[in-house]
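Order of appearance sets the numbers: ligands from 1, and atoms from 1 within every ligand. Note that the coordinates shown come from a computational prediction; the quantities given were computed from them, not determined experimentally.
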Amino acid sequence: MTVQAMKEAVCAWSRQSYAEHLFAGTSGNLSVYDPEQDVMVITPSSIPYETMTEADIMVLRLDGTVLEGPHKPSSEWRMHAALYREKPEVGAVVHTHSPYATAFAVNNTGIPTILIEMVPFLGGDVPLAPFALPGTEAVGTGAVAVLKERYGCLLANHGVLAIGKDLEQAHLRAVYIEDAARICSIAMGHGPIVTMSEADIAAMRGR
Ligand SMILES: [Zn+2]
C-alpha cells in the first residue's frame, strides 16, 4: 500500500468514525502500519475531523520520528506504536471514547460475552486494560497484555481500543464494542444479565 493510499484510508475512516459518534470533538485517533516500509500513518493531534484532509495526516516511524505532515501526531502515537511492535499481525488501530463502552471503562469493568456476534467479531468478551497516563507507552503495553485472542479492549477511565489487519476491520470491531456496551447497559437496566456459557463460546469459536 502506498503512503498516499494509507493517508486516504486514515482520513476516510476518521471522518466516518466521527460521523458515527465514535469520536467526539477531536478525541479518538486511528492509524495504519506497513511493516515493510516501517511507516505508521496516524491522525494529527487536535485537528477537527470535519475539515481534516489527507494533507493533515501524519507519517511516522514507530520511534516517533516524523517523516511527513504539518502537525503534531496524535498524542497517543506511543500506544499505537506499542501495538504494532508487540503484535505483528496488527495492521490498523482504532481508538475511540465511544460513550457506552467508555462508561464500562469508567466502572473499571470489561464487557462480558453477552451476544453471539461478540465471539466471531471480538474474540469473546471485551477485557479491561489497567489505567495508564495518556500519551505514555504504558497505555499500549497494558492493552497488549489483555489482548490475548481478543480484538479489542477497554482502557480504564479512558476509552476503547480496537485492532485489525486493516482499518475496515478495526473500525468494525470498534463499532461492535460500542454496540455490545449499549445493549449490555440497556439489559442491565432491565435486571440481571445472563452471559453466554463457556461451552457455548467454545463451540462458536470452533466453527
Ligand atoms: Zn483517548
### Task
Consider only side-chain N and O atoms of Y100 and D179, and report whether a donor and an acceptor are under 3.5 Å apart.
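No, D179 and Y100 have no side-chain donor paired with an acceptor closer than 3.5 Å.
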#### Entry: Under 3.5 Å side-chain donor-acceptor pair for H158 and H95
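The criterion, which ignores hydrogens and geometry beyond distance, is satisfied for H95 and H158.
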### Query
Taking the side chain as C-beta and beyond, is there a heavy-atom pair between L67 and R61 under 4.5 Å?
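With C-beta onward as the side chain, the pair touches.
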### Query
Less than 4.5 Å apart, any side-chain heavy atom of L122 and any of R150?
no
### Environment of the Zn ion (ligand 1) in terms of protein N/O/S atoms, cut-off under 2.8 Å
H95 NE2, H97 NE2, H158 NE2
### Task
Indicate the ring-plane relationship of H171 and W13, choosing parallel, tilted or perpendicular according to the 30° and 60° boundaries.
tilted
### Query
Counting only N and O atoms by type, is there a donor-acceptor contact under 3.5 Å from the side chain of D38 to the main-chain atoms of P35?
no
